[in-house]
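The structure under discussion appears below in the form of structure tokens.
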Amino acid sequence: MLKVLVPTIMMFPMIWLTSPKWLWTTAGTQSLLIAFMSLTWLKWTSEAGWTSSNAYLATDPLSAPLLVLSCWLLPLMILASQNHISPEPINRQRSYIMLLTSLQAFLIMAFGATEIILFYIMFETTLIPTLIIITRWGNQAERLNAGTYFLFYTLAGSLPLLVALLLLQQSTGTLSMFMLQYSQPLQLNSWGHMVWWAGCLIAFLVKMPLYGVHLWLPKAHVEAPVAGSMVLAAVLLKLGGYGMMRMMVILDPLSKELAYPFIILALWGVIMTGSICLRQTDLKSLIAYSSVGHMGLVAGGILIQTPWGFSGAIILMIAHGLVSSALFCLANTAYERTHSRTMILARGLQVIFPLAAVWWFVANLANLALPPLPNLMGEIMIITTLFGWSPWTILLTGLGTLITASYSLYMFLMSQRGPTPNHIVGLQPFHTREHLLLTLHLAPIILLVAKPELMWGWCY
């Protein structure tokens, strides 16, 4: 754990001491080296389940893929931001890269934490850099409003979790994930226990976000700069799913009765957010709402609590993280050239950027879960789990899948096909940097087809 955490922390002095000319190159190179070092976490030798570097930080098959995803994203965020941050004063550039790096350090400690209270503290601390990135470097005037939504939704959801964790500490005497799996099962049978159960999960469901408490997400995504959108879609939403998986183990037997409304909300959200996507005009807003739909499936898979549900949820989280991040990068490349996120103003781009159209096509096919990509594997496992739980869910999941395919193809056709308007004919060509960025997003998705057991979690 420390072999990745220490180099990440050592990036702070490097960012402030490097000469302005070499700042982006050095930051990108060092973060990419850290990302390659983090791949060693995927090599699984321990039979106990956990590989621990000390009592507070450890990896297991559930956290390792998410840790690697967090490390993999930092160089990509640096690559994506270079164009629109480099004209700014040098101190602001340094501050921006420092915020991204601090976000990675907090995420490593959140996913690697073995004490639930340490996970909670890091879960909350990730708010601070994200909030500064959204409110300081956001694109539009609405960014302060978006930051307020983001902060208050997350804080209001997670305060009950803090109280629930203190009560858990009082009743079991420990909050260590090593110990809790061996402690006595909790006797949960009163109304107070039901409130405690809800308190434990609501923070994670708001973060995911569950349909109904999702309003902060489209605002935050649309107003954030590209790196903010990438890290929100790819990693911060996954904190909710990861936290739910960790807590669900303790929450039995109440989950069998109390999970019904949340599963129904999650599946209804898949259909509703998909329908919203079908009539979106704003490109980033469409990608943001599609994230809510995918996370609804993940929430359903986790709440049912079967090995297949958990496994499908983590596969879909990893695959969705890479694909939605790639889509935000593509949306940003179009925005940097046309200065508009309205899809109807920037259509027919395939004629001008034929290679970029290939990236759009691959990313959209991955988003709609084309076989044999991991997105399909995750969705099929979750849909099968839901069907085994109640055959009626096939109506909702089937319709949700159909709508997902519709809006993904709509997004591709709207932005790439059709007549090219005269006002966008003279755009600057794509840079090598942008092609590299998209290769680093989509190559892991395609490679994971060959070795999916890296992200199956506990269940293999």
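Since this is a predicted model, take the numbers as computed values, not measurements.
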Output a table of donor-acceptor pairs, distance under 3.5 Å, between side-chain atoms of residues 229-249 and any protein atom two or more places apart or on a different chain; print 'none' if there are none.
{"residue": "S229", "atom": "OG", "partner": "H221", "partner atom": "O", "Å": "2.9"}
{"residue": "S229", "atom": "OG", "partner": "K284", "partner atom": "NZ", "Å": "3.2"}
{"residue": "K238", "atom": "NZ", "partner": "A233", "partner atom": "O", "Å": "2.7"}
{"residue": "K238", "atom": "NZ", "partner": "H320", "partner atom": "ND1", "Å": "2.8"}
{"residue": "Y242", "atom": "OH", "partner": "F111", "partner atom": "O", "Å": "2.9"}
{"residue": "Y242", "atom": "OH", "partner": "R246", "partner atom": "NE", "Å": "3.0"}
{"residue": "Y242", "atom": "OH", "partner": "R246", "partner atom": "NH2", "Å": "3.1"}
{"residue": "R246", "atom": "NH1", "partner": "D60", "partner atom": "OD2", "Å": "3.2"}
{"residue": "R246", "atom": "NH2", "partner": "D60", "partner atom": "OD1", "Å": "2.8"}
{"residue": "R246", "atom": "NH2", "partner": "D60", "partner atom": "OD2", "Å": "3.2"}

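- Annotation: R433, atom CZ; neighbour count of heavy atoms from other residues, nucleotides and ligands within 6.0 Å is above 12.
- In this structure, the side chains of L376 and L370 stay at 4.5 Å or more apart for every pair of heavy atoms.
- Between I133 and P225, some side-chain heavy-atom pair lies under the 4.5 Å cut-off.
- Heavy-atom neighbours of M179 CE from other residues, nucleotides or ligands within 6.0 Å: at or below the threshold of 12.
- Under the 4.5 Å side-chain criterion, counting only non-hydrogen atoms from C-beta, L100 is not in contact with P129.
- Using a 30° and 60° split on the angle between ring planes, H214 and Y211 fall in the parallel class, below 30°.
- Taking the six-membered ring where tryptophan is involved, the planes of F178 and W50 are perpendicular, since the angle between them exceeds 60° and thus also 30°.
- Contact annotation: the side chain of S255 never approaches that of Y260 to less than 4.5 Å [non-hydrogen atoms, C-beta and beyond].
- Other residues, nucleotides and ligands contribute at most 12 non-hydrogen atoms within 6.0 Å of the OH atom of Y149.
- Side-chain atoms of Y96 and S81 include a donor-acceptor pair closer than 3.5 Å.
- Among residue pairs with one or both ends in residues 356-384, those qualifying as side-chain hydrogen bond (donor to acceptor under 3.5 Å, both in side chains) are W359-H435, N367-S408; sequence neighbours excluded.
- Taken to the nearest 0.5 Å, the CD atom of E434 stands 10.0 Å off from the CD atom of Q82.
- Side-chain atoms of Q350 never come within 3.5 Å of backbone atoms of A357 as a donor-acceptor pair (strictly under, hydrogens ignored).
- With hydrogens and angles disregarded, no donor-acceptor distance shorter than 3.5 Å links the side chain of T114 to the backbone of M177.
- Using bins of under 30°, 30° to 60° and over 60° for the plane-to-plane angle, the ring pair F262/W197 lands in the tilted bin.
- For W389, the CH2 atom is densely surrounded, since the number of other residues' heavy atoms within 6.0 Å is greater than 12.
- Looking only at distances, a side-chain donor or acceptor of W72 sits under 3.5 Å from a matching main-chain atom of L440.
- Between the CG atom of N83 and the NE2 atom of H431 there is a distance of 5.0 Å, given to the nearest 0.5 Å.
- Contact of the L103 side chain with the I128 side chain is not registered, since no non-hydrogen atoms from C-beta on lie closer than 4.5 Å.
- V292 places a side-chain heavy atom less than 4.5 Å from the side chain of P209.
- Taking the centre and axis of the six-membered ring of F150, the NZ or CZ atom of K219 falls outside the cone set by 45° and 6.0 Å.
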